[in-house]
Amino acid sequence: MQNFEFYNPTRIIFGENTIPKLADQIPAEARVLILFGGASAERNGTLPAVREALNGRFTREFGGIEANPTFETLMKAVELIRNEKLDFLLAVGGGSVIDGTKFVAAAVDFEGDPWSILTTHGANVKAAMPLGTVLTLPATGSEMNSFSVITRHATREKLAFGSPHVFPRFSVLDPTRTYSLPVRQIANGVVDSFVHIMEQYLTYPADGLAQDRFAEGLLLSLIEIGPKVVAEPENYTLRANFMWIATLALNGIIGVGMPQDWSTHSIGHELTARYDIDHARTLAIVLPSMLRVRKDAKRGKLLQYAARVWNLHEGTEDERIEAAIVQTEKFFESLDIPTRLSAYEIGEEGIDPLVAQLDAHGMTALGEQSEITLDVSRRVLELSL
């Protein structure tokens, strides 16, 4: 196991009817900007509940943050904050709204071009506004981590940054707020959470016994409840477990001291930037092919994954590995999420532009051992057709 430091200051407030506790978490004198996405936050009662909890406080609202939050939209929020002299941010939504809010928090007092926060992956962030969240869509784990992914619409770039300055101060997780979500979004959230775990788990053996078992337990739980979560929208037990699993998948705990991959995400971001495919659906396309192409480098962990997660013990090593990958594909497809580029009418002609994007963004040595060159990425994409 590698040396590590672990720090996570986010307070989690979990359970039904917890939004009123916002009043205890935000200073009474704060000038608050509430950020959200579309009209669903109003329709499902979440925004009204937030307003009631903050009744009497100075608040402003900023809506319209996209499913892939754009730099252009978020800079309008930055301008509003500066003009109104606001000093606390509250994200109400899923990972996109929370990611966008983190960027806004870092950009308000940033000296220089705010886009450089993304191009340096957050290395130049020295401070940020305080923020909290009310989570409505379990998926990204952004409610309890320090990472954010932002798209620049004008240049079709989708880049990530991280900084300890953008950890949420608190996050309110009320599973009942997920009841009205479309089936597509819930299915996406299950796959997103699953691949977050895989990026930290399925690398090479590193003697992290607790981390491995924790990751495997989360994967098994998602496999068990994933289809049920989609089919039973108002089952509190299922939604509560899913919400907490999605948070644990990317709050840092299962990745400490372990090698991590993230190549599937890097390639997936380029697919989203170019073709506007839902983030989770790009991951379902890329991951199986990535595992097949990287079979030898990941052999030890793939065999462990086959045995512990899918209970596969018969056949040769290669047969067990392939069977585990097939089971992974079947799991994604059971959620009505395709695992091939052809499902989105992308053929061979789409490969070169994607590889060019990876090259332009410096994604030329990806993976836990920096062995995924542009040629390897091309093979992964070709195998995903």
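All of these numbers come straight from a predicted model, not from anything done at the bench. Index from 1, following the sequence.
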Enclosure of D336 CG (heavy-atom neighbours >12, cutoff 6.0 Å):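 Incorrect, the count does not exceed 12.
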Within 6.0 Å of CD in E314, more than 12 heavy atoms from elsewhere: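 Atom CD in E314 is not crowded, with 12 or fewer foreign heavy atoms closer than 6.0 Å.
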Sidechain N-carboxylate O distance under 4.0 Å for E42, R51: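 Yes, this pair counts.
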K298 and E368 ion-paired at < 4.0 Å: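 Result for this pair is yes, salt bridge flagged.
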Result of checking L366, V380, V286 against T264 for side chain to side chain contact (heavy atoms under 4.5 Å, CB included):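 Single pass found, and it is V286.
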Hydrophobic cluster identity match, [X] and [Y], side-chain contacts under 4.5 Å:
| X | Y | result |
| --- | --- | --- |
| M243 | V97 | no |
| V376 | L302 | no |
| F167 | V104 | no |
| L135 | V149 | no |
| L283 | Y344 | no |

Step-by-step side chain to side chain donor-acceptor pair (under 3.5 Å) determination, E270 to H361: CA-CA 9 Å; E270 302 301 342; H361 297 149; 2.8 Å; yes
Pairwise distance OG(S193) to CE(M198) - rounded to 0.5 angstrom: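 Answer rounded to 0.5 Å: 13.5 Å.
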L137 side, atom CG; I186 side, atom CD1 - distance, nearest 0.5 Å: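 Rounded to the nearest 0.5 Å, the CG-CD1 separation comes to 6.0 Å.
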Sequence neighbours excluded - ring-ring contact (aromatic ring centres under 6.0 Å, His included) pairs with any residue from residues 109-152: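 Applying ring-ring contact (aromatic ring centres under 6.0 Å, His included) to every pair that reaches into residues 109-152, excluding sequence neighbours, yields F71-W115.
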Inter- and intrachain pairs under ring-ring contact (aromatic ring centres under 6.0 Å, His included), touching residues 186-240, at least two apart: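 Residue pairs passing ring-ring contact (aromatic ring centres under 6.0 Å, His included), neighbours aside: F194-F331, F194-F332, H196-H265.
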Residues clustered with V32, ILVMFWY side-chain links under 4.5 angstrom: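 Taking Ile, Leu, Val, Met, Phe, Trp and Tyr as members, V32 shares its hydrophobic cluster with I13, I19, L22, I26, I34, F36, L47, V50, L54, F88, L90, V92, V134, F170, V172.
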Salt bridge (charged side-chain N to carboxylate O under 4.0 Å, His left out) between E79 and K76, worked out: CA-CA 5 Å; E79 182 180 2; K76 294 176 183 177; over 6 Å; no
Worked check of salt bridge (charged side-chain N to carboxylate O under 4.0 Å, His left out) between D261 and R294: CA-CA 11 Å; D261 188 342; R294 299 282 291 153; 5.8 Å; no
Closest heavy-atom pair and its distance - R292, V326: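 Heavy-atom minimum between the residues: NH2-CG2, 3.8 Å.
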